[in-house]
There are 2 protein chains.
Amino acid sequence: MKIGELARRAGISAHTIRYYERIGLLPRADRDGGGRRDYDGSTLVWLEFLGRLKTTGMPIRDMLRYAAMRAAGPATERERHDLLVAHRDRVRAHVAALQSCLAVLDTKITGYASNLTNEAKDDDALPNQLRKPLR
Amino acid sequence: MKIGELARRAGISAHTIRYYERIGLLPRADRDGGGRRDYDGSTLVWLEFLGRLKTTGMPIRDMLRYAAMRAAGPATERERHDLLVAHRDRVRAHVAALQSCLAVLDTKITGYASNLTNEAKDDDALPNQLRKPLR
DNA sequence: TCTTGACTTAGAGTGCGCTCAAACTCGTAG
DNA sequence: CTACGAGTTTGAGCGCACTCTAAGTCAAGA
């Protein structure tokens, strides 16, 4: 698989794939006769996993640590486990924070919506000052 | 309230508050006799709301749009409502993505954990090749 | 043979959101 | 009076994660 196809399948740009290789997030790719990168399916699987880590907000330097451990073999499995557990905990906390923010957003949206409804229903029935303020 | 106290209470730096004022996210603050910024509670409330937007990943340029609408008065309420609804939808989608990533993380963590347990229990009972691979 | 398009490299540039520096002014405590 | 800490300004610098440029190579199709 050439870099273009891998990029398309992983949903990132070929530029980004080369960048990842440069910084060590991807191992140096095998080359074909003309010096072009040639990938197999395992790279796609790895990129998909990196995408999960990225979606969940892991910084590249931590992905590098994980990638280095992976490359170092099974002796690092405990460390890898611990890194993922710590990351999962952070992600869970972040999801909780987002949900609390969503509740605030819902409240505010409801406020705007009822205000807009009132305006449509009884536009001049109340002076502006008596409407529920929105902040 | 001086900028230092506001910063402490909002959980951001005074630098950041001045930066927000510079770019128009905060209105120009009232000054005391010596030209220092003097805030009332409403600024803290606004900063707290901005913090929610930030936590949920809204870029500053969208916060600026929202702030500009707020400053423009009640005529923009429908637009503000729509902006928040669009944002809420994006946040909900992001939460869903995070939860799907969390499921993948859980699976991987379980894989490492069982592998670590096996190693502790019957370290030499199986050749490495027969262990469940972890990717 | 010629053209097209995907690929190669090293390195420069971009956008975001701060974060800090330098040089200065105040108000208050000792 | 002096020292200190907290504030002021403009503008530069930073860390992150790409993203693009320039100049060149290569393989396949018309």
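Letters A, B, ... are given to chains in the order of the sequence lines, protein chains preceding strands, and every chain is numbered from 1. Worth saying up front: this structure is predicted, and the values here are computed from it rather than measured.
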*Asks:* How long is the line joining CD1 of B:I17 and P of D:dG7, in whole Å?
*Replies:*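 For the pair B:I17 CD1 and D:dG7 P, the rounded distance is 10 Å.
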
*Asks:* Report which part of the nucleic acid B:R22 touches: base, sugar-phosphate, or nothing (heavy-atom distance under 4.0 Å, all strands).
*Replies:*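 Base contact.
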
*Asks:* Indicate whether any N or O donor in one side chain lies under 3.5 Å from an N or O acceptor in the other, for A:T56 and A:R88.
*Replies:*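 No pair is found: no donor N or O on one side chain lies under 3.5 Å from an acceptor on the other.
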
*Asks:* Nearest heavy atom decides the nucleotide; on that basis, is B:S13 or B:R61 closer to the 5' end of DNA chain C?
*Replies:*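 Nearer the 5' end of the strand: B:R61.
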
*Asks:* Looking at A:D62 and A:R90, what are the two nearest heavy atoms and their distance?
*Replies:*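 Reported closest heavy-atom pair: OD2-NH2, 4.3 Å.
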
*Asks:* If you pin A:D38 and B:R36 to their nearest nucleotides in DNA chain C, which one's is more 5'?
*Replies:*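 First, find each residue's nearest nucleotide; the 5'-ward one identifies A:D38.
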
*Asks:* Can you tell me how far P of C:dG15 sits from OH of B:Y19, to the nearest Å?
*Replies:*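 Going from OH in B:Y19 over to P in C:dG15 covers 14 Å.
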
*Asks:* Between A:I12 (CD1) and D:dC20 (C1'), how many Å, whole number?
*Replies:*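 In whole Å, D:dC20 C1' and A:I12 CD1 are 16 Å from each other.
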
*Asks:* Quick one: B:L47 CG to C:dG17 P, roughly how many Å, whole number?
*Replies:*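 Answer to the nearest Å: 16 Å.
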
*Asks:* Any donor-acceptor pair under 3.5 Å linking the side chain of B:S13 with the backbone of B:T16?
*Replies:*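 Yes; judged by distance alone, with no hydrogens or angles, the pair exists.
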
*Asks:* Give me the ring orientation class for B:Y66 and B:F49: parallel if the planes are under 30° apart, tilted from 30 to 60°, perpendicular past 60°.
*Replies:*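 If you compare the ring of B:Y66 with that of B:F49, the planes turn out tilted.
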
*Asks:* Picking from C:dC7, D:dG7, C:dG17, which would you name as closest to the side chain of B:P59?
*Replies:*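 Shortest atom-to-atom distance from the side chain points to C:dG17.
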
*Asks:* Among D:dG7, C:dT8, D:dT9, which is the nearest nucleotide to the side chain of B:R31?
*Replies:*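 Closest of the options to the side chain of B:R31: D:dT9.
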
*Asks:* Heavy atoms from C-beta onward define the side chain here; which of C:dT8, D:dC18, C:dT9 lies closest to that of A:K54?
*Replies:*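 Nucleotide nearest to A:K54's side chain: D:dC18.
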
*Asks:* Round to the nearest Å and state the distance from A:I60 atom CD1 to D:dT19 atom P.
*Replies:*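 My rounded result for the distance is 10 Å.
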
*Asks:* How many whole angstroms separate atom CG of A:L64 from atom P of D:dC18?
*Replies:*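 Distance check: A:L64 CG to D:dC18 P gives 11 Å.
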
*Asks:* Could you tell me how far apart A:R18 (CZ) and C:dA6 (C1') are, to the nearest whole angstrom?
*Replies:*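 Going from CZ in A:R18 over to C1' in C:dA6 covers 9 Å.
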
*Asks:* For the side chain of A:Y20, starting at C-beta, report the closest nucleotide among D:dC18, D:dA6, C:dA6.
*Replies:*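 Output: D:dC18.
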
*Asks:* Give the nucleotide from the list D:dC20, C:dC7, D:dC18 with an atom nearest to the side chain of A:H15.
*Replies:*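 Of the candidates, D:dC20 comes closest.
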
*Asks:* Roughly, in whole Å, what's the span from NZ in A:K2 to C1' in C:dT8?
*Replies:*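 To the nearest whole Å, that distance equals 13 Å.
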
*Asks:* Given side chains that start at C-beta, do those of B:L98 and B:H94 come closer than 4.5 Å, heavy atoms only?
*Replies:*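 Sidechains of B:H94 and B:L98: in contact.
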
*Asks:* Quick one: label A:R37 by what it contacts on the DNA or RNA (base, sugar-phosphate, nothing), any heavy atom closer than 4.0 Å.
*Replies:*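 Sugar-phosphate only.
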
